[in-house]
Amino acid sequence: MREQTAPLIFTSSRDDTKLIIEGGRPLEGVVEVSGSKNATMGAMAAALLVTEDCYLENVPAIGDVGHMAEVLRSLGVIVEPTSEHGLRLNAANLTQSSPPTELVGSLRASFLVMGALLARLGAAGCSPPGGDVIGQRPIDVHLAGFEAMGARVSREGEKYVAETAGLRGARVFADYPSVLGTQNLMLAAATATGTTVIVNAAAEPEVQSLAALLNAMGARISGAGSHTITIEGVERLRGITHRIIPDRLEAGTFAIAAAITRGRVEIRGVELDHLFSLIAKMRESGVTVEEDGDKLRAWCDGDLRAVTVQALPYPGLATDLQAPMAVLLTQARGVSYVHERVFDNRLLYVGELRKMGAEVVTTGTTTAIISGPTPLIGSSVRALDVRAGAALILAGLAASGRTEVADVYHVDRGYERIGEKLGRLGAAIQRV
Ligand code: EPU
């Protein structure tokens, strides 16, 4: 069954689209991974720093790209598709220094405009950003960093407002290695006067890819990928053509889908380094994972074994793969522990999983204890956020009978044509 192909930029606004899955079919075949959602967010924001064209390639056709495009357009940026997965952005004529609150509410990454606009215009405003309901999501790392670099930050009504006569390099301590916080400070610091050092920076591949993009623009950033990033401010940046890195979270989701359906899938176009923690945990639980250049093959012939999983900042296991891993562990023999150590409320999907027959209990809001294996039974469930939704799709693929996943717009925010891709691997999945 095929779903309709979507154009590059579509807005996965709230609607009542559902995915209907007839479970129990092993996934077999080859799937190509799309560009990374979260790397695309930083790359789009970086276009605000320059007056020249920026071309992005390998942009995923997902809802959040559409949302970010709307945020940037509200500031006067031209954002237009150049191909199925290409974008041109031009920020030569910025008309606003602050996006409307209603646009910012739909997307956490919209707050990245703060760092870039502050650098470019010396002024920026933005409401506290929206995003998934997965726990407290403060922005103190971003704001304290801007202040350390000489910006005045205040609250005007619902918006944070930052102003500066010129950002100055500073040594900044991040209370937490926040991914967007680190990216925001890199955007702000690239053209500041002097050198900025971010101590306790996030090391995620999406941070590394933004550093590479900014360096291609002419910035001087070193240390990305470690927890200390140094940014020597430069006077001027220029337009670039940049290829978005593969989405490690989509790749991981497909690897887990192969294992949980007892199928065999080759995932092409991956960056294996970015998947090291996931591959280690999948192997520990009994999945065979073959690494081959930019390809990963995953399958599972024998029994799955219970393991302990901890979601942590990179290079720990990604919090965004915590729910998919938990679904896999419902099929593992023994008692598995899943500890979410990044967000304080990212186990809400457990209630949905229980409807399908999973034996999962939570202690507090950050530990799930899973007893398995339990047969999953097709049920009506809701996608609560992008990753929880993907996890429930995996559960539906493994379950007997028919699963209806409602609120699938959450999943469309971050996964390109997930139903179509799974359908090509043999899943019986339909969008209604
Ligand atoms: N935190 C602070 N202070 C801050 C910022 C964050 O204490 O100023 C804490 C948060 O409370 C949270 C932890 O840091 O407990 C992690 O938050 P972080 O700021 O690193 O997350 P984020 O930058 O808002 C990005 C991704 C998320 C991903 C996290 C963690 C984007 C657009 N989003 O969010 O992706 O889960 O990093 O890796 O890059 C997703 O794709 O589904 C998704 C939610």
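All ligand and atom numbering here is 1-based and tracks the order in the structure.
For the residue pair Glu340 / Thr319, a side-chain donor-acceptor distance below 3.5 Å is found, with atom types taken as modelled. One side chain, Tyr160 or Arg155, offers a donor N or O that lies under 3.5 Å from an acceptor on the other. Side chains of Thr253 and Tyr415: a donor on one and an acceptor on the other come within 3.5 Å.
Polar contact check, Asn38 against ligand 1: a nitrogen or oxygen pair lies under 3.5 Å apart. Residue Phe343 places no N or O, backbone or side chain, under 3.5 Å from any N or O of ligand 1. An N or O contact shorter than 3.5 Å is missing between Met41 and ligand 1 by distance. The distance criterion of under 3.5 Å between nitrogen or oxygen atoms is met by Asp140 with respect to ligand 1. The distance criterion of under 3.5 Å between nitrogen or oxygen atoms is not met by Thr319 with respect to ligand 1.
For ligand 1, the atoms closer than 4.0 angstrom to any heavy atom of Arg108 are 24 (O). Taking every heavy atom of Arg346 and a limit of under 4.0 angstrom, the matching atoms of ligand 1 come to 36 (O), 42 (O), 43 (C), 44 (C). The atoms of ligand 1 that sit less than 4.0 Å from any heavy atom of Arg137 are 22 (P), 24 (O), 34 (O). Close contacts of ligand 1 with Val141, meaning ligand atoms under 4.0 Å from a residue heavy atom, involve 3 (N), 4 (C), 8 (O).
Only one option out of Pro177, Ser178, Pro313 pairs with Asn200 in a side chain to side chain contact (heavy atoms under 4.5 Å, CB included); it is Pro177.
Using a cut-off of 4.0 Å between Lys/Arg side-chain N and Asp/Glu carboxylate O, Arg248 and Glu206 are scored as salt-bridged. Under a 4.0 Å N-O distance rule, the pair Arg73/Glu70 does not qualify as a salt bridge.
Looking at residues two or more places apart in sequence or on another chain, you find a ring pair (Phe, Tyr, Trp, His ring centres under 6.0 Å) between His142 and Phe111.
The part of Val386 lying near ligand 1 is the side chain, judged by heavy-atom distances below 4.0 Å. In Lys37, the part holding a heavy atom less than 4.0 Å from any atom of ligand 1 is the side chain. Residue contacts with ligand 1, taken as heavy atom pairs separated by less than 4.0 Å, do not involve Glu340 at all.
Nearest to atom 10 (C) of ligand 1 by heavy-atom distance, out of Ala202, Pro138, Pro129, is Pro138. When the heavy-atom distances from atom 18 (P) of ligand 1 to Ala323, Gly414, Ser178 are ranked, the shortest goes to Ser178. The residue among Thr40, Leu112, Val179, Leu180 with a heavy atom at the shortest distance from atom 37 (O) of ligand 1 is Val179.
In this structure, the side chain of Lys159 does not engage the main chain of Thr101 through any donor-acceptor pair within 3.5 Å. His227 places a side-chain N or O within 3.5 Å of a backbone atom of Ala201 that can act as its donor or acceptor partner.
Ligand 1 lies less than 4.0 angstrom from a heavy atom belonging to Arg387.
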If you look only at distance, which donor and acceptor atoms sit under 3.5 Å apart when one is on a side chain in residues 268-275 and the other is two or more places apart or in another chain?
residue, atom, partner, partner atom, Å
Arg268, NE, Glu266, OE2, 2.6
Arg268, NH2, Glu266, OE2, 2.9

